[in-house]
Structure formats: C-alpha cells, structure tokens
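Notes for the one structure printed next.
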Amino acid sequence: MSAARHALSTPRRFLATPNAGPLAPLRAVLSGLSIVSVSRLGAAGLALATQIYLAKILSADALGRFFLATSLGAFLAIIASCGFPMIAARFLVRYRGRRRANYATLFLRTVRIGSLLAALFLATAAIAAIHLWPGLDPDTRRIATIGSLAAPGFVLIRFGSAAAIAYRRFSLAYLPDLIGRPLLFLAAIGILALLGAGTNLTAILIAFVALALAHGVWQNTVLRTTIESGTDTSGDTATDARLAHHPARALSGRRVRQLARIWFAAALPLTGALLLMAAFADIIILTAGLFLAAADLAILGVCVKLAMIVAFIHTAAHKMLQVDLAEAMRASDRARLATIIGQANLIGLVVSISALGVVLLSGDLALSLFGAHFTAGQPILIALLAGQVIAASGGPAIQILSLGNGQRAAARTSLFVVAALIALNAVLTPAFGIAGAAIAIIATQMIWATLLAIDAHRLTGVRCDVLTRLGGRHPVRAVPAD
C-alpha cells in the first residue's frame with residue numbers, strides 16, 4: 001500500500017496532501033484562487049463584451065427576453081440540483097478510503113441521475129406552464145421554452161463543479177464555466193452574425209443551451225474517466241478496477257436504496273440555502289425593486305453586482321477549503337480544523353478589506369465606467385463592500401453546517417434571511433430610498449453571518465467566526481459523525 005493510500009485510509013489523520021504541513025491547504029487554495037480570481041475578471045470582461053454586442057444587434061425587448069430565458073434555465077437548475085453540490089465534499093471525502101465497494105462512484109452516479117431527472121421534470125413543468133399561461137405572445141412562449149431546456153445542462157455543470165472541487169480539481173471546476181463557455185458563446189453569436197442569423201434570438205438561445213449541455217456532458221465525462229475510474233488527484237488507485245465499473249456490485253439493493261435515502265435527506269434541506277447563495281444578488285434586486293424607482297434600482301444593481309464579485313472570490317476560497325474541512329472533521333483533528341478555519345477567515349477578510357480599500361482610494365472610478373449617473377452610488381458601493389467584510393467575518397459556517405449534518409438549520413436560517421430582507425426593505429427603502437436598501441442588505445448580511453455561525457457552533461461544536469482565531473480558543477465538544 002502506498003503512503004498516500006495509507007494516509008487516506010487512516011481514520012484519525014487530517015490530510016491536505018500526503019505528509020503536508022499546516023500551510024499546504026492555504027498554498028493550494030491561494031494557487032487555485034489566483035486562477036479563479038483572474039478567470040473571474042476575465043469572465044466579467046467576456047460578459048460585458050457579450051452584453052454590449054447583444055445590445056447592439058438586438059432590440060431592447062429581445063435583450064430582455066434573452067435575460068429572462070437564461071435566468072429561467074439557471075433558476076430551474078438550482079432547484080433541480082436539490083442541494084447536492086453542498087454535500088458533495090462531505091460524502092466524497094467520507095467514501096474515499098472505502099475498499100468493499102466504490103461508494104464515491106455510486107454517489108456520483110445516483111445524484112447525477114436524480115438531479116437530471118429533476119431538471120427534466122422541472123423543465124417539462126415550466127414548458128407546460130408557459131404554454132398554458134394566458135396572454136403570453138408566441139415569441140415569449142418560444143423563447144421561454146428554449147430557456148427552460150438549459151436546465152439539464154446547468155444542473156450537470158453545478159454538480160460536476162462541486163465534485164471537481166471535492167477532488168481539488170479547481171481548474172476543472174471553474175475555468176470552463178468562467179472562461180471556456182462564455183468565450184465559445186461569444187464566438188457562436190459572431191458566427192451566427194456571419195451566417196446572417198445574428199439578430200435571430202431563437203438561434204442565439206439554441207446556441208446558449210447547446211453550449212451549456214455540451215459543457216456539462218464534457219465536464220462530467222472528465223470526472224468519470226479520472227475519478228470514477230478509481231484514480232484520485234494524487235494518481236493513487238482508490239478502488240479495485242472492477243468496482244469502478246460496477247460501483248454497487250458489493251452492495252445489496254437494500255443498502256443502495258438506504259444510501260440514496262441518506263444522500264437525499266442530507267441534500268434536500270440545503271436547496272433553499274443553495275438558492276440564496278447562488279441568487280443572492282438577484283433576490284436583493286428583486287426585493288428592492290418593489291420599492292425603488294427604476295433609476296435608483298439601476299444604481300443599486302450595479303453596486304450589488306460589483307460587491308458580489310468580492311463575495312464570489314472569498315466564497316470560492318471557502319468551497320476550495322471544504323474538502324480539507326471535511327477531512328479534518330472526519331478525523332476529529334481539531335488543531336487542523338482550527339488552522340483551516342483560520343486560513344478561510346484570513347482569505348475572506350484580506351479579499352473583502354482589500355476591495356474596500358481600493359474603492360475608498362479610487363473614488364468613483366469603478367462606477368464612472370458605467371456612466372456619470374452611476375457615480376452617485378459611491379457611498380452605496382462602499383457600504384456594500386463593508387457588508388462583505390461583515391459576511392467574511394462569519395467564516396465558512398455554511399460549509400461547516402453542510403459537513404456536520406446541520407443542513408436543516410442552514411435551511412431555516414436561509415428562509416429567515418429572505419424574510420428579513422423583504423421586511424427590512426419594506427420598512428427602510430420607502431423612508432430612505434437607495435440608502436435604506438443598502439442598510440437592509442448590510443443588516444441582512446450581518447443576520448445571516450451571525451445566525452449561521454451560531455448554528456455551526458451549536459450543532460457541531462465548531463466556532464468558525466474570525467474572533468475564534470483572535471481569542472486563541474477552540475471548542476472541545478465532539479464533531480458529530482455523518
């Protein structure tokens with residue numbers, strides 16, 4: 001047995017990589033995060049170029065329909081993923097050393113099939129509702145129908161990315177989604193323009209849906225050949241080759257059904273939390289839009305989108321560290337767990353404080369790129385970035401909860417946060433305008449970070465907020481097993 005395989009099968013040992021020091025997870029994540037950060041900036045540029053190009057070739061009405069259709073497909077995919085992306089690291093780390101059967105392959109195949117069936121069901125239901133909805137014109141029905149068909153491709157991407165992160169394949173998880181597919185889509189609409197179909201919204205959406213499906217199939221094929229074949233990221237054989245091709249061969253049908261019930265019970269409550277995390281900016285804009293004038297909503301929307309770039313970077317770091325958290329919690333290695341949490345908090349605070357400092361020093365430069373009208377949102381952007389510092393101070397609480405069987409608490413907290421955001425907007429925005437909306441957002445972020453950190457400590461015995469590291473204390477209660 002190789003040293004790496006022995007380490008993976010040793011139940012009380014934490015590993016980032018075999019014989020790694022305490023800073024190995026931080027170095028690995030910083031390396032991956034640098035790629036993701038640069039890619040995120042490149043993706044923002046590609047998205048801006050695509051939106052500018054579409055705005056030039058399409059009418060305002062057609063562009064609005066395009067955004068509606070693509071958002072519909074993404075929303076259906078989040079629901080169809082059933083929370084599985086948030087539990088992938090928890091179970092894949094747990095099953096990595098299993099020898100009797102390839103539990104990891106069984107998990108991946110089961111949840112992939114389940115998510116795909118859910119996506120197909122939701123897409124079918126959405127298409128039926130679209131065609132039964134009274135008063136919709138034929139163009140809207142057709143465009144919304146095509147957008148619904150993006151759900152299967154998006155659900156494959158969401159789960160494939162989560163599984164890649166669980167195996168520390170950060171480039172496979174992020175680069176295709178941030179750079180590869182947007183670049184191919186921009187090329188596709190350019191080719192359509194050369195063929196004389198550049199203003200055909202139906203053709204543009206078909207290209208969008210086809211690329212999403214191709215991306216999802218390709219990503220999961222790579223995972224299947226490199227992970228489900230029994231090879232992990234260090235190149236060690238994790239299971240017998242026969243079990244890789246027949247993951248349930250050594251398991252009874254009753255055991256397979258029991259495992260499936262465990263996985264679905266762990267994942268389903270996290271659907272609401274996943275929706276809130278993935279669509280937080282959209283929920284903010286939607287709730288504020290009930291009370292703000294269109295011009296103010298445009299300013300708020302731009303400020304929120306800029307702030308969410310910062311949120312994406314430190315959230316990506318938390319996702320990258322999730323597999324290390326899972327290994328530490330699985331082994332009950334509390335010293336390593338404290339180190340990983342400290343590293344997660346350090347990354348989150350450095351990113352958010354740096355972004356806040358850049359905006360304070362550069363004045364309204366970032367907002368002026370969108371037009372002179374948007375520079376009035378400078379105080380709002382500063383306030384929202386301060387809110388990101390607050391959010392980062394709560395630490396990787398949602399990851400701790402998903403790893404420590406606290407998914408129901410995460411779901412309750414997420415629902416409460418959405419209700420709090422709506423209520424605060426209803427009270428503050430009519431009275432204070434866009435400033436009231438910003439206060440509502442910051443207050444909601446503070447509530448969310450605080451409640452998640454409290455839930456994580458209460459249910460798992462793990463404190464993950466930034467004050468844990470400053471105080472030098474670590475909880476002594478046992479982390480519950482899966």
Side-chain angles (χ1 to χ4, degrees), residues 47 50-51 54 57-85 109-162 176-177 181-182 184-185 188-189 192 197-221 264 267-268 270-272 274-279 281-283 285-286 289 418:
T50 303
Q51 290 180 19
L54 288 175
I57 65 173
L58 297 176
S59 66
D61 179 70
L63 186 60
R65 292 172 189 260
F66 173 80
F67 289 140
L68 173 65
T70 54
S71 295
L72 177 60
F75 176 79
L76 293 175
I78 292 173
I79 301 299
S81 62
C82 302
F84 284 121
R109 292 184 181 181
T110 300
V111 299
R112 184 187 299 122
I113 292 172
S115 297
L116 272 175
L117 290 175
L120 291 172
F121 172 79
L122 288 175
T124 302
I127 292 170
I130 289 165
H131 286 273
L132 293 174
W133 195 274
L136 285 181
D137 61 272
D139 287 341
T140 301
R141 294 186 196 276
R142 182 179 66 256
I143 296 306
T145 296
I146 298 173
S148 300
L149 295 176
F154 278 139
V155 83
L156 282 174
I157 292 169
R158 296 194 67 82
F159 186 71
S161 297
D177 194 34
R181 182 164 49 85
L184 289 174
F185 179 59
I189 58 179
L192 287 174
T199 59
N200 189 324
L201 182 56
T202 299
I204 291 173
L205 274 174
I206 290 174
F208 181 87
V209 171
L211 284 173
L213 183 60
H215 174 185
V217 171
W218 172 82
Q219 188 178 47
N220 281 269
T221 300
F264 277 87
L268 286 175
L270 289 169
T271 304
L274 184 63
L275 180 62
L276 184 59
M277 293 176 65
D282 296 318
I283 293 172
I285 294 170
L286 178 63
V418 172

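Note that the numbering runs from 1 along the sequence shown for the chain. Any value given below was found using the heavy atoms of this structure, including those in side chains, with hydrogens, waters and symmetry copies removed.
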Just verifying a value: how many Å separate Arg112 CZ and Asn220 CG, rounded to the nearest 0.5 Å?
4.5 Å

Residues 113-128, side-chain donor-acceptor partners within the protein, below 3.5 Å, at least two apart:
{"from": "Ser115", "atom 1": "OG", "to": "Val111", "atom 2": "O", "distance (Å)": "2.9"}
{"from": "Thr124", "atom 1": "OG1", "to": "Leu120", "atom 2": "O", "distance (Å)": "2.7"}

Could you list all the salt bridge (Lys or Arg N to Asp or Glu O under 4.0 Å) pairs where at least one residue sits in residues 118-138, not counting sequence neighbours?
Arg65-Asp137

Do Ser161 and Gln219 make a side-chain contact, defined as non-hydrogen atoms from C-beta onward lying under 4.5 Å apart?
yes

When rounded to the nearest 0.5 angstrom, what distance separates CZ in Phe264 from SG in Cys82?
6.5 Å

Measuring from atom CH2 of Trp218 to atom CD1 of Ile157, what distance do you get when rounded to the nearest 0.5 angstrom?
10.5 Å

Exercise answer: donor-acceptor pairs, residues 143-152 side-chain atoms, under 3.5 Å, sequence neighbours excluded:
{"from": "Thr145", "atom 1": "OG1", "to": "His131", "atom 2": "NE2", "distance (Å)": "3.0"}
{"from": "Thr145", "atom 1": "OG1", "to": "Arg141", "atom 2": "O", "distance (Å)": "2.6"}
{"from": "Ser148", "atom 1": "OG", "to": "Ala144", "atom 2": "O", "distance (Å)": "3.0"}

Going through the checks in order, is the side chain to side chain contact (heavy atoms under 4.5 Å, CB included) test met by Asp139 and Thr202?
CA-CA 9 Å; Asp139 287 341; Thr202 299; over 6 Å; no

Any salt bridge (Lys or Arg N to Asp or Glu O under 4.0 Å) pairs touching residues 73-82, not counting sequence neighbours?
none

Sorted by chain and residue number, the ring-ring contact (aromatic ring centres under 6.0 Å, His included) partners of Phe154 (sequence neighbours excluded) come out as Phe208

Identify every side-chain donor-acceptor pair in residues 73-80 under 3.5 Å, counting partners at least two apart or on other chains, and give the distances.
none

Separation between CG of Leu201 and CG of Leu192, rounded to the nearest 0.5 Å
11.0 Å

What pair of heavy atoms forms the shortest contact from Gly216 to Leu156, and how long is it?
CA-CB, 3.7 Å

Of all heavy-atom pairs linking Pro176 and His215, the shortest is CB-NE2, 3.4 Å

